[in-house]
Visitor: 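Below are the structure tokens for one structure; questions will follow.
Letters go in sequence order (proteins before strands), and every chain restarts at 1.
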Amino acid sequence: MNNFTKIEEKWRNYWKEHNTFRAVNGSEKKPYYILVEFPYPSGSGLHVGHVRSYTAQDAIARMKRMQGYNVLFPMGWDAFGAPAEQYAIKNHIHPKDAVRENIKTFKGQMETLGFSFDWDREFSTTDPEYYKWTQWQFLQFYKHNMAYKEKVPVNWCPNCKTVLSNEDAAGGVCERCGSSVVQKEKSQWMLRMSDYAEDLLTGLDDTNFADRVKLGQINWIGKSTGVEVDIEIVGGGKFSIFTTCIETIYGITFFVIAPDGKLIKELMPRVKNKQEVMDYIEETKKKSNMDRTELNKGKTGCLVEGITAINPVNKKEVPIYLGDFVLGDYGTGAVMAVPSHDQRDFEYAQVHHIPMIQVIEGRSTETCAFEKQDYLNQGCKLINSGEFNGLTVEEAKEKITEKLVNEGIGRKVNNYKMRDWIFSRQRFWGEPIPMIDCPKCGWVPMNEEDLPLLLPDVAEYEPTENGESPLANIADWVNCKCPKCGHDAKRETDTMPNWAGSSWYFLRFMDPHNDHEFVSMDAMKYWNRVDWYNGGMEHTARHLLYARFWVQFLYNIGLVPHKEMIWTRVSHGMILGSNGEKMSKSKGNVVNPDDVVKEYGADALRIYEMFIGDYQQDASWSTDSLRGCKRFIDKVIRLKDKVVSGEEYTPSLENLIHKTIKKVENDLQSMAYNTAVSSLMILANAYEKQNQITKEDYHVLLTLLNPIAPHFTEELNEQLGYSPICESPWPKYDEAKTIDQEKEIAVQVNGKVRSTINIHISDEEEIIKNKALNDENVIRHINGKEIVKVIVIKGKIVNIVVK
RNA sequence: GCGGGUAUGGCGAAAUUGGCAGACGCACUAGACUUAGGAUCUAGCGGGGCAACCCUUGCAGGUUCAACUCCUGUUACCCGCACCA
């Protein structure tokens, strides 16, 4: 056994025995809540990428504790999901057993790495004591009319036999198995997330998320502002279109409606070319099965014969087309087409030989379509637009909208790309949705006191052929009584998506053992909110949006104290393999943290991952660099031989020590972990040059390094006779002592460095100037030239401008 | 197509936010101590030049006494969204 292995174990035991990292609800100390995304405990164990973010947050947690905060730094398990289910099906065991094993592995690895989690608050989303409350919250959504069941075309993976969210089916490919996704109509539980689009947007102002995180949220919500206009159909009836470019309305030469929308179904009896239209609708359904990118090339569609509509501004009769570039579930499912000023409309018009009318001055039809955005800025004027001719685009936007609104056929509206959340999964290993289908009463929610609705304890189940959840085959479980009328009824067999449990786990950590509330209001008021949430870039869009939606809903029904419960969100870069590619078994570039700990120790791995580079940037693994960090540890250990008694800093080191305290403190707070480590290396190098250092010199180095490398620093600190660092205060720096009394600054002539001079902090500008002008090298460069200007930036630089 | 990010020695990266570019570490070279070195120590380490100096932060301009940093344009790579009206 390595020496460091024993030492690391010793201190882990110490922390455990002394409950060093226990967070106390209601403590007098100031609360500080640091959160890392709880992992999905996969079979392959902890990834070195986990180690990066956990160490980063651990370092902050440890420093904050020393600074006197009551730190909540919890850990748990997001353990529902497909891999555990697949594994269980294959091995004929219950997924909870597979999960239990994996959690054990993960927890063991985390403990070995010395993360200061408060394990008393640990839970898994799969614990009935936890998912009881996930189910309870679903019932609140239902009771507030935020959950509904609807037949929707959904992404269907024929291989996994399950419905996928848009997010999981990105690019028309199943995220899990990679087979191509097809469209299928299915009755699904939905959450009315689109009602919250605006709130999710404005709520960002109450957060301190990193800009790129905010942008991710904004893009996902996808707001666009425009006008909805009612369009009369010749011979009766009407429909609406949505446009963000109302100023081009005089340029309409056709309308396009979605083949998958409701409108075409309504119009069907009046359609003359029924067969052609039906064929196109069918074709569209099949199309979404195929690779999308291939389809994006041509603008397909067909004329809807026998039906025309009226352009509301000039009363022109205009044909209606079907086109799959119009989506049934966005906007109104119908668009006005202005081929002269919109690229898609232009392409469609070309394919179907439809005329174009130019309504914005100064552009040929073709170019304008591709330069839609710039005409706004260039003050282009309208033409061919009746009473609006001569107005700028901006003016026309306003006036035309006003006219339509006044006539009662136009409305200013916002549209959002974000849709309602499809909340059903046809899977076994998820939270059962606590709803009962009664032949008399319809859908009836379970009584809250009957929760949790447990998953059945069976190890044998298969997905059904028709895509129902495996639960549908378990008659004992499905058949029940209606809670309202007592009639025989059936349970909902769909389960919740993975995102459900992770949408509120950070609240539960505030009060994890509460068995009569999901979290007490007192606990939430004490902890206030998550001060600092760290996770992967891949979760900054979806997971964060779901979690914020969930919290906003809870806020609106009075169950949480703030509309936003997460203050700062940061995302770390990935750890890539040494070849610069994502680590994967197939590429053979996976680094197992256990191996590294065994050979170099947890402290070396932790220092290395903090030193590896910009925290928010991806970084490639390098074992050579890791060795360098191990060497740094050895160097710090050797420094102990230089220690002599003394409760003061060595005077010649004092300045550097104060600077280093300031630097490490600021760097940890701003995620500049790499420079925190390097400043400690600089300090250690300075110590090494001394013949001797005081106990206090050494003590402060160990303390500053402790948040990143907690084990060996505690050991050396103990050998020195100090009480444990984890129970000691964070060192204080004296601002005055961080300032250099003497400094070497550069002297430039015409912007080029020609020499350096030594100045004292008290030197006045005149003195510095004279020192510079009298410098030998400087004289050589200014000799015989006229001095135009001398710029003295105190403490930084002198620049002499000569002609 | 839209949005975001990145670009600095052989490599990972720093740069007090406009003030000596390359801190710190890795790799490498030479030397010391060694039976030995994946240990330690000393020195060197962007390019050119004997030197004085010159060139150098993807590329091209601009602002400034001074630009890795600000502005304009441009290229390459990475990531997200993608027919969103």
Side-chain angles (χ1 to χ4, degrees), chain A residues 166-167 170-171 211-213 215-216 218-220 222-224 226-227 241-245 248 256 258 292-293 295-300 323-327 329-338 342-345 347-348 370 372-373 415-419 537-538 540-541 573-574 580 607-608 611-614 616-632 634-635 638 659 662-663 666 672 674-682 684-685 688 744-756 777 780 788-791 793 795-802:
Chain A
N166 283 338
E167 295 85 348
D211 282 347
R212 64 173 183 173
V213 174
L215 270 163
I218 290 166
N219 284 343
W220 200 275
K223 177 178 180 173
S224 58
V227 185
I241 56 101
F242 171 73
T243 180
T244 53
C245 297
T248 62
V256 187
R292 282 185 96 106
T293 48
L295 298 164
N296 284 346
K297 288 180 180 150
K299 286 280 179 292
T300 63
D324 66 2
F325 77 89
V326 178
L327 308 174
D329 61 347
Y330 178 79
T332 60
V335 299
M336 65 178 211
V338 183
D342 179 274
Q343 190 178 336
R344 282 174 333 215
D345 298 349
E347 286 169 8
Y348 192 92
F370 293 96
K372 195 170 160 186
Q373 287 315 311
N415 260 303
Y416 303 90
K417 288 188 205 175
M418 192 181 74
R419 317 290 156 92
M537 208 50 212
E538 69 277 18
T540 50
M574 275 186 294
I607 291 174
Y608 169 59
F611 189 60
I612 197 167
D614 184 334
Q616 305 201 54
Q617 222 61 46
D618 291 351
S620 304
W621 183 265
S622 157
T623 302
D624 279 337
S625 259
L626 167 69
R627 280 196 201 104
C629 293
K630 174 68 179 151
R631 251 178 279 181
F632 170 56
D634 294 339
K635 183 185 281 186
R638 278 197 309 274
K659 273 194 206 167
K662 183 180 177 179
K663 176 94 178 133
N666 290 340
N674 52 341
T675 50
V677 174
S678 84
S679 68
L680 289 166
M681 287 173 169
I682 292 169
N685 289 346
E688 208 178 26
E744 187 189 71
I745 65 166
V747 182
Q748 299 181 327
V749 177
N750 283 349
K752 296 201 168 170
V753 178
R754 296 303 179 187
S755 187
T756 57
N777 273 327
R780 245 185 39 237
V788 182
K789 216 193 302 187
V790 180
I791 294 144
I793 309 295
K796 291 196 170 159
I797 208 163
V798 178
N799 192 7
I800 301 161
V801 186
V802 296

Visitor: Hydrogens and angles aside, do A/Lys635 and A/Asn685 bring a side-chain donor and acceptor to less than 3.5 Å of each other?
Guide: yes
Visitor: Choosing from B/A14, B/G19, B/G3, which nucleotide comes nearest the side chain of A/Asn219?
Guide: B/G3
Visitor: Consider the side chain of A/Val335, meaning its heavy atoms from C-beta on, and name the nucleotide among B/A14, B/A85, B/C81 that approaches it most closely.
Guide: B/A85
Visitor: Using modelled atom types and a 3.5 Å cut-off, is there a donor and acceptor pairing between side-chain atoms of A/Ser625 and backbone atoms of A/Ser622?
Guide: no
Visitor: Using a heavy-atom cut-off of under 4.0 Å over every strand shown, decide if A/Ile612 touches base, sugar-phosphate, or nothing.
Guide: sugar-phosphate
Visitor: Restricting to side chain to side chain donor-acceptor pair (under 3.5 Å), what partner residues turn up for A/Lys662, sequence neighbours left out?
Guide: A/Glu735
Visitor: Under 4.0 Å from OP1 or OP2 of B/G38: is there any side-chain N or O of A/Arg631 that close?
Guide: no
Visitor: Contact class for A/Asn674 (heavy atom, under 4.0 Å): base, sugar-phosphate, or nothing?
Guide: sugar-phosphate
Visitor: Write down the partner of B/C50 under the Watson-Crick or G-U wobble criteria, each distance required to be under 3.5 Å.
Guide: none
Visitor: With both distances under 3.5 Å as the test, what is the Watson-Crick or G-U wobble partner of B/U63?
Guide: none
Visitor: With rounding to the nearest 0.5 angstrom, report the CG to SG distance, A/Asp624 to A/Cys629.
Guide: 11.5 Å
Visitor: If you look at every strand shown and take non-hydrogen atoms under 4.0 Å, does A/Gln617 touch a base, only sugar-phosphate, or nothing?
Guide: sugar-phosphate
Visitor: Looking at the side chain of A/Ser625, which of B/C26, B/A14, B/U40 is the nearest nucleotide?
Guide: B/C26
Visitor: So does A/Asn799 reach the base of B/C65 with its side chain, donor to acceptor, closer than 3.5 Å?
Guide: yes
Visitor: Can you figure out which of B/C41, B/A85, B/C24 approaches the side chain of A/Val326 most closely?
Guide: B/A85
Visitor: Suppose we call a contact any N or O donor and acceptor under 3.5 Å apart; does that hold for the side chain of A/Lys299 and the base of B/C83?
Guide: yes
Visitor: Pick base, sugar-phosphate or nothing for A/Thr243, based on heavy-atom distances below 4.0 Å to the nucleic acid.
Guide: sugar-phosphate
Visitor: With syn defined as a glycosidic angle within 90° of 0 and anti as the rest, where does B/U74 land?
Guide: anti
Visitor: Using a 4.0 Å heavy-atom cut-off across all strands, classify A/Leu215 as base, sugar-phosphate, or nothing.
Guide: sugar-phosphate
Visitor: Between B/U40, B/C65, B/G19, which one does the side chain of A/Lys789 approach most closely?
Guide: B/C65
Visitor: Here's a test of your reading of the structure: between A/Ala672 and A/Ser678, which maps to the more 5' nucleotide of RNA chain B?
Guide: A/Ala672
Visitor: Could you check which of B/G19, B/G25, B/C55 has an atom nearest any side-chain atom of A/Phe611?
Guide: B/G25
Visitor: Would you confirm whether A/Asn415, through its side chain, and A/Ser224, through its main-chain N or O, come within 3.5 Å as a donor-acceptor pair?
Guide: no
Visitor: Give the minimum heavy-atom separation between A/Thr332 and A/Phe242, together with the two atoms involved.
Guide: OG1-N, 3.6 Å
Visitor: Can you tell me the base-pairing partner of B/C24? Count Watson-Crick or G-U wobble geometry only, both distances below 3.5 Å, and say none if there is no partner.
Guide: B/G12
Visitor: Between B/C55, B/G25, B/G4, which nucleotide gets closest to the side-chain atoms of A/Lys752?
Guide: B/C55
Visitor: Would you indicate which nucleotide in B/C65, B/A85, B/A27 comes nearest to any side-chain atom of A/Phe242?
Guide: B/A85
Visitor: Could you tell me whether A/Gly222 contacts a base, only the sugar-phosphate backbone, or nothing, with contacts defined as non-hydrogen atoms closer than 4.0 Å?
Guide: nothing
Visitor: With heavy atoms under 4.0 Å as the rule, sort A/Asn750 into base, sugar-phosphate or nothing.
Guide: nothing
Visitor: Which part of the nucleic acid does A/Asn685 contact within heavy-atom distance under 4.0 Å: base, sugar-phosphate only, or nothing?
Guide: sugar-phosphate
Visitor: If you check the A/Lys635 side chain, which of B/C41, B/A27, B/A14 turns out closest?
Guide: B/C41
Visitor: Which atom names give the shortest non-hydrogen contact between A/Asn750 and A/Val801, and what distance separates them?
Guide: OD1-CA, 3.4 Å
Visitor: What's the closest nucleotide to the side chain of A/Arg754 if the choices are B/C54, B/C81, B/G19?
Guide: B/C54
Visitor: On RNA chain B, check which nucleotide each of A/Lys223 and A/Thr756 is closest to and give me the residue with the more 5' one.
Guide: A/Thr756
Visitor: Between B/C28 atom C1' and A/Arg627 atom CZ, what is the distance in whole Å?
Guide: 15 Å
Visitor: Let's test this: given Watson-Crick or G-U wobble pairing with both distances under 3.5 Å, identify the partner of B/C81.
Guide: B/G1
